[in-house]
Amino acid sequence: MSNPRILILGAPGAGKGTQSRRLAEEFGIEHITTGDALRENKGMDISHLDLEYDTPGEYMDAGELVPDEVVNEIVKTALEEANGFVLDGYPRNESQTEYLDSITDLDVVLYLDVDEDELVRRLTGRRVCEDCGATYHVDFNPPEEAGVCDECGGDLYQREDDTEETARERIEVYEENTAPVVEYFRDQGVLEEIDGEQTPDEVWEDVKATVEARAN
Ligand code: ADP
Ligand code: AMP
């Protein structure tokens, strides 16, 4: 399969970003991540929608979902521009799932399965490069020099929503809104379940083999 269209599902902290970066590099496809796109547009004025908050950032800092209108538009534009992609962080509820269904076909749907306590440990120890977006963990995947990106030398920072309290809130929001999305794809018989509690390299072996098997 050239330029596969891949969806990667999993709770916050399951390792979607980590594996998506490798998929994008291995298969030469775009990494489309709504979380990163929204972080770049945290202050965007969405007051015309007349909803709970006036910017995406306020939803994000509370651990809540940003309104569908905003996120669907980001994904539509990104998919139109991509020749093969790995979609990470979307869809997060039923209405986004229906919207995605109406704008593209998927070749592979991966699901990284990780237990809740492990998710909290991963989220609270996560560090991200402010220049290239590479992700580290203070214990599980530390950079060679603390606070400095191995790949580009950029400074590492902790995301504002990676506190224990907001991490738990996000996992709750996931259970309520996004777990049904996983069930939807499972019911369709297309869900490729992967044990996300292995080491990053072991998870990658399974992810790569699954995508390659789909290609043949
Ligand atoms: P997501 O994109 O699903 O929120 P990330 O890929 O950002 O998750 O990973 C969350 C944190 O867990 C990061 O700190 C990352 O370094 C770490 N991590 C990712 N995969 C694993 C793994 N298989 N084992 C241990 N830690 C991991
Ligand atoms: P992530 O980087 O995937 O952990 O997402 C960080 C935050 O961005 C989430 O907690 C939400 O507030 C927001 N977000 C990301 N993707 C979506 C989405 N598909 N729908 C709604 N909100 C989203």
Side-chain angles (χ1 to χ4, degrees), residues 1-44 46 56-57 59-60 65-112 128-135 149 151-152 154 159 174 177-178 181-182 184-186 188 190-194 196 200 203-216:
M1 187 191 309
S2 61
N3 305 321
R5 289 161 297 188
I6 304 167
L7 173 62
I8 188 160
L9 296 169
K16 301 181 299 296
T18 302
Q19 299 299 327
S20 294
R21 283 176 74 87
R22 296 177 82 155
L23 281 166
E25 193 181 332
E26 177 77 22
F27 295 97
I29 53 179
E30 292 294 318
H31 178 197
I32 299 174
T33 155
T34 46
D36 283 357
L38 289 166
R39 268 183 291 283
E40 281 163 21
N41 292 284
K42 273 185 107 172
M44 184 168 69
I46 53 169
Y59 290 92
M60 297 167 83
L65 295 186
V66 174
D68 294 339
E69 293 94 319
V70 177
V71 187
N72 288 345
E73 190 57 34
I74 289 173
V75 171
K76 182 168 185 274
T77 307
L79 290 185
E80 278 168 2
E81 289 168 2
N83 183 14
F85 58 81
V86 51
L87 182 56
D88 161 13
Y90 179 101
R92 264 174 148 99
N93 59 27
E94 270 181 64
S95 122
Q96 292 180 10
T97 308
E98 281 167 21
Y99 185 73
L100 178 64
D101 212 26
S102 75
I103 58 171
T104 194
D105 291 318
L106 299 167
D107 297 310
V108 192
V109 182
L110 304 167
Y111 168 57
L112 302 181
V128 183
C129 174
E130 64 180 19
D131 290 341
C132 75
T135 300
C149 180
E151 287 180 31
C152 76
R159 277 171 47 174
Y174 170 84
N177 298 275
T178 316
V181 174
V182 175
Y184 169 84
F185 287 106
R186 196 197 305 279
Q188 293 211 331
V190 297
L191 195 71
E192 301 282 0
E193 249 179 285
I194 287 165
V203 176
W204 170 240
E205 271 179 38
D206 287 356
V207 163
K208 185 167 175 264
T210 303
V211 174
E212 282 172 347
R214 280 269 163 172
N216 296 320

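Numbering starts at 1 and runs along the sequence shown. As the structure is a prediction and not an experimental result, all values here were calculated from the model.
Around CD of Glu69, the count of heavy atoms belonging to other residues, nucleotides or ligands within 6.0 Å exceeds 12.
The main-chain N or O of Ile6 is never found under 3.5 Å from a side-chain atom of Asp107 such that the two would form a donor-acceptor pair. A donor-acceptor contact shorter than 3.5 Å links the side chain of Lys16 to the backbone of Gly10. Looking at Thr34, its side chain does come within 3.5 Å of a backbone N or O of Gly89 through a donor-acceptor pair.
Closest heavy-atom contact between Cys152 and Cys149: N-SG, 3.5 Å. Gly133 approaches Val128 most closely through the heavy-atom pair O-CG1, 3.8 Å. Looking at every heavy atom in both residues, Glu193 comes nearest to Tyr111 through CG-CD2, 3.4 Å. What you find for Pro91 and Thr178 is that their closest heavy atoms are O-CG2, 3.9 Å. Across every non-hydrogen atom of Pro56 and Leu38, the tightest pair is CB-CD2, 4.2 Å. Here the closest heavy-atom approach between residue Asp88 and residue Gly17 is recorded as OD2-CA, 3.5 Å.
Take Tyr59 and apply the ring-ring contact (aromatic ring centres under 6.0 Å, His included) test, not counting sequence neighbours, and it matches Tyr53. By the side chain to side chain donor-acceptor pair (under 3.5 Å) test, Glu26 is found to be paired with no residue, residues two or more places apart in sequence or in another chain being considered. For Lys42, the salt bridge (Lys or Arg N to Asp or Glu O under 4.0 Å) test picks out Asp61, Glu160, with sequence neighbours left out. Taking Glu130 as the reference, nothing meets the salt bridge (Lys or Arg N to Asp or Glu O under 4.0 Å) condition, with sequence neighbours excluded. For Glu30, the salt bridge (Lys or Arg N to Asp or Glu O under 4.0 Å) test picks out no residue, with sequence neighbours left out.
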Please test Thr18 against Trp204 for side-chain contact (heavy atoms from CB on, under 4.5 Å), starting from the C-alpha separation and ending with a verdict. CA-CA 9 Å; Thr18 302; Trp204 170 240; over 6 Å; no
side-chain contact (heavy atoms from CB on, under 4.5 Å) evaluation trace for Leu9 with Leu191: CA-CA 9 Å; Leu9 296 169; Leu191 195 71; 4.1 Å; yes
side-chain contact (heavy atoms from CB on, under 4.5 Å), that's the test. Do Val75 and Phe85 meet it? Break it down for me. CA-CA 11 Å; Val75 171; Phe85 58 81; over 6 Å; no
Start with the C-alpha gap between Glu192 and Phe185, add the side-chain angles, then the distance that decides, and say whether side-chain contact (heavy atoms from CB on, under 4.5 Å) holds. CA-CA 9 Å; Glu192 301 282 0; Phe185 287 106; over 6 Å; no
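Between the CG atom of Leu110 and the OG1 atom of Thr210 there is a distance of 6.5 Å, given to the nearest 0.5 Å. Expressed to the nearest 0.5 Å, how far CZ of Arg21 lies from OG1 of Thr135 amounts to 6.5 Å. Remark: Ile8 CD1 to Leu112 CG distance equals 4.5 Å, nearest 0.5 Å. Rounding to the nearest 0.5 Å places NE2 of His31 at 13.5 Å from CZ of Arg22. In this structure, CG on Asn93 lies 6.0 Å from CG on Leu65, to the nearest 0.5 angstrom. Within the model, atoms CD1 of Ile74 and CD of Glu40 stand 9.5 Å from one another, a figure rounded to the nearest 0.5 Å.
Between Val181 and Arg92 there is no side-chain heavy-atom pair separated by less than 4.5 Å.
Sorted by first then second residue, the side-chain hydrogen bond (donor to acceptor under 3.5 Å, both in side chains) pairs that include residues 96-105, not counting sequence neighbours, are Asp68-Gln96.
Classification of Glu80 and Lys76 as a salt-bridged pair holds, one side-chain N sitting under 4.0 Å from a carboxylate O.
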